[in-house]
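The structure displayed is predicted, hence computed values, not measured ones. As the structure lists them, so they are numbered: ligands from 1, and atoms in each ligand from 1.
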Amino acid sequence: MKQHAVAQQDAVSKQDALSKQDAVVKQDYLPFARPSIDEATIAGVAEVLRSGWITSGPQVREFESQLSFWCGDRPVRALNSGTAALEIGLALAGIGPGDEVITSPLTWVGTANVIVRAGARPVFVDVDALTRNIDLSQLEAAIGPATRMLLPVDLAGLPVDRAALYEIAHRHGVRVLEDAAQSFGASSGGVRIGAGGDLVAFSFHANKNLTTAEGGCLVLNDAEEARRCELWRLQGVERFADGGMDATLPGGKYNMTDLAARLGLGQLAHLAEFTARRRALARRYFERFDRSLGCELPCADFTQSNWHMFQIVLPADVDRGAFIRGMHAAGVGIGVHYPAVHLMTLYRNLGHEPGEFPVAERIGAGIVTLPLFPAMRDEDVDRACDSAAAVLGAIR
Ligand SMILES: *Cc1c(COP(=O)(O)O)cnc(C)c1O
């Protein structure tokens, strides 16, 4: 019995030592993304918790009103994810079986999954090697009689050229749902993403430039569309003054909580500063990253992109797994955003195969995301660059 207790205590103190060690390592560890949440926001969320009203309520209404102001007074509805915003956007446009939606193969698989879930067919168009976004010069050739919608993606926060995109959309009479999950705070042609165009979906996932932990919103065209978005958001239910209710369409459960909205309000107050800091860090990457390593750097845009991510494409002869392991061992977190979607099993089962979209496939196979978040110090950029050089030197 006594021995057992001693052994247990020994285990506990070993555990203690381990977690202390772990804490030291973690303190030193540079993640690829980390949200910046200030104490005032934490206090604000605690206040909502104490208020007795924690799901959709006054905080959501205030968040929507500030988002709407941000988006040039267009109607905005808060949702519980960016995926929900995409799903509702497709529903509002009546996308379903027999329809085709054109999108990028170099995106989070969620972008394409929502099209499949709606019963429609995703049609991929290869990306441009410089912007890594859908190649607008190839887009028009993919538009056919079944095309109902364009679903462009602003990868890493670098916006697809909206003027060129909408010129094509208008000429063919197709709707646009912008997957702007990564481009909140970015602009195109001097117009904020969200302040122009057709339907715009933002994500407030933990790693996005503005976060509500999980969340998103959809920017709409008019009050009637906003009303229909509210129906899709919550079971299609309309309530009447006499206490009765009716459901007119099979909506989902997509409402944002007041806790999340309060977090979003705290973030929104810092967005301009977050974006400025991200741009400064991206500039430093361009100054410090060793060009002789043979990696492809991102498009050097310092006016439109919100620098959601700083991504490099490794040379073809480098094993990405080995690079990621080497960087991790050096205390630098690396993300992969994203392998080409059409090569995933679900999409191969829909008939896609390697070789269809060579640029997306090449980038998707070699892309890595280096650390970039507002609280990062300049020295952290230098460390990421130095580690990348050392790791590439060691594994090649
Ligand atoms: C994050 C993201 C989404 C989905 O947003 P969630 O809030 O995670 O549902 C969709 N598309 C892209 C390009 C994203 O980066």
Nearest non-hydrogen protein atom, atom 5 (O) of ligand 1: Ser203 OG, 3.2 Å
Ligand-residue contact atoms, ligand 1 with Ser81, heavy atoms, under 4.0 Å: 7 (O), 9 (O)
Gln182 side chain to Ala156 backbone, donor-acceptor under 3.5 Å: yes
Minimum-distance protein heavy atom relative to atom 11 (N) of ligand 1: Asp179 OD2, 2.8 Å
Residue, atom name and distance, where the atom is the protein heavy atom closest to atom 1 (C) of ligand 1: Lys208 NZ, 1.5 Å
Numbering as shown, the atoms of ligand 1 that approach Tyr338 to under 4.0 Å (heavy-atom distance): 15 (O)
Heavy-atom nearest neighbour in the protein, as seen from atom 15 (O) of ligand 1, with distance rounded to 0.1 Å: Gln182 NE2, 2.8 Å
Parallel, tilted or perpendicular, as decided by the 30° and 60° cut-offs, for the rings of Phe184 and Phe202: perpendicular
Expected output: side-chain Gln304 to main-chain Gly189 donor-acceptor under 3.5 Å: yes
Arg262 and Glu47 ion-paired at < 4.0 Å: no
Ligand 1 contacted by Phe202 (non-hydrogen, < 4.0 Å): no
Arg227 bridged to Glu238 by N-O distance under 4.0 Å: yes
Closest approach of any protein heavy atom to atom 3 (C) of ligand 1, naming residue and atom: Trp108 CD1, 3.5 Å
Residue Ala181 vicinity, atoms of ligand 1 by number, heavy atom under 4.0 Å: 2 (C), 3 (C), 10 (C), 11 (N), 12 (C), 14 (C), 15 (O)
Backbone of Val114 reached by a side-chain donor or acceptor of Glu87 within 3.5 Å: no
Parallel, tilted or perpendicular: ring planes of Phe124 versus His342, cut at 30 and 60 degrees: tilted
Trp70 atom CH2: more than 12 heavy-atom contacts under 6.0 Å: yes
Ring geometry between Trp307 and Phe302 (parallel below 30°, tilted from 30 to 60°, perpendicular above 60°): parallel
Atoms of ligand 1, numbered as shown, that sit under 4.0 Å from any heavy atom of Thr111: 11 (N)
Verdict with reasoning, Val109 to Leu346, per side chain to side chain contact (heavy atoms under 4.5 Å, CB included): CA-CA 10 Å; Val109 66; Leu346 171 65; 5.7 Å; no
Heavy-atom gap Gly215 to ligand 1 smaller than 4.0 Å: yes
Subset of ligand 1 atoms that lie under 4.0 Å from at least one heavy atom of Thr107: 13 (C)
Protein heavy atom at shortest distance from atom 4 (C) of ligand 1: Thr83 OG1, 3.7 Å
Any N or O of Gly82 closer than 3.5 Å to N or O of ligand 1: yes
Sub-4.0 Å atoms of ligand 1 with respect to non-hydrogen atoms of Val153: 13 (C)
